Each structure stands twice: as C-alpha cells, then as structure tokens.
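Encoded as structure tokens, the structure appears first; notes follow it.
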Amino acid sequence: MSYLRLSAIFSDGMMLERDTAFNMIWGYTRPDAEVRAELSGCGFKMTGETAGDIAGFFQIQLPQRPAGGPYELTIVSGEEKKVIKDILFGEIFLLGGQSNMELSIGTVSKDRAELPDIDKNYIRAFTFEQKPVYSDPSDMISEGRWIKAEGKSLNDFSAVGLYAAVSLYEKLEVPVGLYQTAIGGSPISSWLSENSVMRLSLDADRLMAVNESGEGDLCSPTAGFYGSLYPLQRQQIKAVLFYQGESNVERHETYRSEFAAMTADWRRLFRNPELPFFYVQLAGYGEGVRNCVKTDWSVFRDVQLQCESIQNTYMVQAYDLGDQDDIHPADKKPLGERLADAVYSVLFGNGVYFKGPGLSNLRLDGKKAVLDFSTLGGLVNKNISEETVGFSLVFIKDGEEMIEEVSGKLDTSGGKKRVVIDIPEGSLPEEIRYAWNNYPYSASLYDSYGLPAVPFRIPV
C-alpha cells in the first residue's frame, strides 16, 4: 500500500510561479511520518523537511526562483519516493469561464497554422477531468497532466488561452503556464462558494435540492468552484483570465452582484485579496441574422462593463470579434492577444489599460451632438470612411421606442478625440447609443491601436 500521495498537479512538466516564496509541495503520507523534499537544477539545490500531521497532510515551502528551468523535485517519505522532472518556473494564469474559453485549438482549424515559430516547450497547460462537487470537496486531483504546446498535445489547449500565452511569452520571454478550468455552459453560480450562493439567495433552492439528491452536473451551483478550483487553491497564480456570461444573459440584473461574489470567493480561496481578473465582454452573435436588432446581449455587455468597478478587474472587449451564425466564434487569436496586452499593461507595464475609446462627455451644440472620448491613442474609422457608423438615436413616439440609425464624423483637430452627430430638425432623441445590438458588426469607431470603442447608451 502506498502512503505517499501527491495531487496530479505535481507531475512531470509542471510549472510554478516565478519569484515568489509561497510555492509549496504538499500531499499526504502516514501520520507523523517524516518527509524530505529536494529541488535541484540550473546549478541550484535545496532541501526541506517536515512531517505528516494527524491526517498525514504535509507541505514544504519551496524557494523563490527566477523564471527558467528545468528543475527536478524529489519527495521521500519512509521507503517511498516520488520524482518530478522537467519543472519550469514562469508566469501562471488560471483560465476560467464557459465554452468560449474552453474551446480547444484543436477544434479551430485555421488557428493552428498561425502559431509563431517559438519554443513551445515553454508554454504549458494543466488539464484534468473536471467533476461536479457540491459538498466535502477534495484538495487532491487524481488524474491530470501537464501538456506542452507542441505535437498532438497542442490540440488540447484552450484556443484563447494559448494565444494569450504565446503573446505573453513573446513579450516577457519567460515560460507561461495555464490551469484550464473552464466548463461549457456553466453559469456564474457554478463558480460561487456555497456561502455566496446561499447569501445571494438566487440559486439556494437549487443548491439544496442538488445536495439532498446528489443529482447535479458541472453547471449546478458551486459545482465548478468545488470541483475545479478547490483542488488548485494552494497553487500560486499571477491572474485569472475569465470568459463567461452567455449563460447569464437572461438574468443580467443580478450578474454584477454574482461577479463581485465570485471574485471575492476566488481571492479567498487562493489567499490573494488582490488577485487580478481579466474578463471578456461577450463577443457579437446575431443568431444567424447579420442586421440583428435584438439588444439583450448589449444590455448584458453593459452590466459586464459595470463589473469594472470591482477592484482589480479589467474588461477586454470582443463584440467586434463575433460571428453572426455561431455563438462560438472561431478566430480566437485577436482575443487572446487583447487579453495578453491587458495583462502586460497592468501587471508588467505602466499599470494603465485602455480597452478602447470610452465615452467621456456628451453635449448638445445647436442641432449637433458632440461626443468626446477618452483613449490612449487617437480615434480612427475602421472602414476608412469619412463617416463613423454604429450610432443610433432613440425617439419615443406614442409610447413606442423608435430607433434611427445615424452616422457621425470624426473631429481630431487639435488633438481632439471627438465624434459629431447631426440631430434631425424638430426632434430631440431620448438616448444616443453606440454598437447597441447583439451583433454590431458595422460599428466602425476604433483607436489607433486597433481597439473598438466601448458600447454605450446615454440619455440626451
């Protein structure tokens, strides 16, 4: 019988966060049994000792190491020994959310050929079978593996995560590791703790029913939190990359509260009150209709924008990267690169991140609406036209909402970042909107860095 047990996280090819003294090797052995760990490689050697507690649990703190490797870690307890080879230190990110984050590059045929010629040994991901857990969670993962971004293993990488990792590797020149935890179709409640679900009282009855019956799935309340995140809680991560929301569009009113509860839960779980979250605003989707008029996804995107008021959260836009026919747009490269740019700017750059031009002021000047924007670069029209399209005026007539599509003109004179829209004679709109439908493919206002203007609606 084997007493020395390690989570599958600790296996050949694993990665650890660089430049931190909080990495641990941990596991279970016999109660009170001595445990010795030795980390060696790159001209370095360290040993540490401890003993199992009454339950046999042990942990040994690993030394702070710069990016690089490979290292080898040996753990000995009694007559048992485990050796973990090819360990790298680098920057580690957790990929969370639902299917658009889970979508593997192996299912996106055209993306694979676009990978740059880099040493893909330094981009790795941990994949494991995710099981729904609602109570009595385990900190152990019995089956899982570290994969490298090469050969057949490449097919198992999250497409968004891989492109973000590739871009970060090019910028930082250090190994990049990913924990892949996203679950297709999962609502945000599946990523909340039991305390948060009960406190918010939105899915409490469903959670209690699942706990009583034991019948649920990966999309049930708390299932992802306890099944996928709980076993990773002792691992050090740089930030979370999160792409979720399609399953919550119909319940947008409570999403900000749920998102705030989720970020707080994850920060407590990972013992990092400032853990950064970089999350994706939903991509465009027209349900097969190019000139889509539905706005429920627009409303939800606006709620996602409000989530930026939560400390250390940063929204990355994707409404211009969607597909009118497919809720899972295939071209994940631009989104992965936008996520990487946001991470780099906030965590490794000057700390300033612009997600694209954002409306800063609206004023009326006679029969014109003057809209000023704030952004890092200048304003440009993506369609290389004199007209800036994607705006609409909202009028109320006989109690009915009437929408008139309009275009504007850029005013960049004297360093201005401005769009001017003509208001029709004899009428004053109730609202001005921009990119305000589920699939705003025609919206043309961007900044000079290639980022789209943030959708908005504002009363006049």
Side-chain angles (χ1 to χ4, degrees), residues 5 7-9 26-28 53-57 94-102 126-144 179-235 240 242-273 275 277 279 296 300 303-304 307 310 327:
R5 295 183 297 126
S7 173
I9 298 167
W26 56 271
Y28 290 86
D53 64 14
I54 192 171
F57 175 79
L94 189 147
L95 308 182
Q98 56 183 107
S99 54
N100 267 308
M101 180 62 86
E102 182 185 39
F126 182 72
T127 66
F128 61 106
E129 181 182 0
Q130 300 182 69
K131 301 177 181 179
V133 177
Y134 322 107
S135 59
D136 300 321
S138 172
D139 55 5
M140 298 289 284
I141 296 175
S142 58
E143 295 182 7
Y179 284 111
Q180 299 190 160
T181 71
I183 297 172
S186 57
I188 198 168
S189 62
S190 67
W191 300 106
L192 297 178
S193 69
E194 180 178 4
N195 285 340
S196 289
V197 171
M198 300 305 290
R199 177 177 58 81
L200 292 171
S201 299
L202 297 170
D203 300 281
D205 291 344
R206 186 182 174 200
L207 177 58
M208 288 188 290
V210 168
N211 280 331
E212 289 175 4
S213 66
E215 297 178 359
D217 55 34
L218 286 167
C219 296
S220 298
T222 76
F225 183 81
Y226 291 118
S228 300
L229 301 181
Y230 190 90
L232 302 175
Q233 62 177 297
R234 295 187 182 91
Q235 303 312 109
V240 173
F242 192 74
Y243 190 169
Q244 189 276 334
E246 296 92 340
S247 293
N248 283 88
V249 169
E250 294 182 1
R251 201 171 80 179
H252 65 271
E253 298 92 342
T254 60
Y255 189 78
R256 189 199 175 281
S257 296
E258 293 178 89
F259 193 88
M262 184 197 73
T263 56
D265 280 341
W266 291 29
R267 287 165 176 164
R268 280 191 293 269
L269 186 70
F270 287 97
R271 301 167 179 83
N272 182 354
L275 179 65
F277 279 74
Y279 66 96
D296 52 337
F300 185 79
V303 175
Q304 288 184 297
C307 290
I310 301 165
I327 200 171

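Source: prediction; values computed, not measured.
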Where is the tightest heavy-atom contact between [X] and [Y], given as atom of each residue plus distance?
| X | Y | answer |
| --- | --- | --- |
| Gly96 | Trp266 | CA-CH2, 4.4 Å |
| Pro231 | Ser138 | CG-O, 3.5 Å |
| Gln130 | Gln180 | NE2-O, 3.9 Å |
| Arg268 | Ser196 | NH2-OG, 4.4 Å |
| Val210 | Ser220 | CG2-OG, 4.2 Å |
| Phe128 | Glu143 | CB-O, 3.4 Å |

In terms of heavy-atom contacts, does CD of Glu253 have more than 12 from other residues, nucleotides or ligands at under 6.0 Å?
yes
To the closest 0.5 Å, what do you measure between CD1 (Ile310) and OG1 (Thr263)?
5.0 Å
Thr222 and Glu194: side-chain donor and acceptor closer than 3.5 Å?
no
Check whether the side chains of Trp26 and Gln235 place a donor and an acceptor atom closer than 3.5 Å, and report yes or no.
yes
Show the numbers, then the answer: is there a side-chain contact (heavy atoms from CB on, under 4.5 Å) between Leu232 and Phe270?
CA-CA 8 Å; Leu232 302 175; Phe270 287 97; 4.2 Å; yes
Any idea how Phe277 and Phe242 line up, ring-wise: parallel (<30°), tilted (30 to 60°), or perpendicular (>60°)?
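Taking Phe242 first and then Phe277, their aromatic rings stand perpendicular (interplane angle over 60°).
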Please identify each residue that fulfils ring-ring contact (aromatic ring centres under 6.0 Å, His included) with Tyr230, with sequence neighbours left out.
none
Kindly say whether Tyr255 contributes a backbone atom to a donor-acceptor pair with the side chain of Asn248 at under 3.5 angstrom?
no
Do any pairs count as a side chain to side chain donor-acceptor pair (under 3.5 Å) and have a residue in residues 198-207, sequence neighbours left out, and if so which ones?
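Qualifying pairs: Asp203-Arg251.
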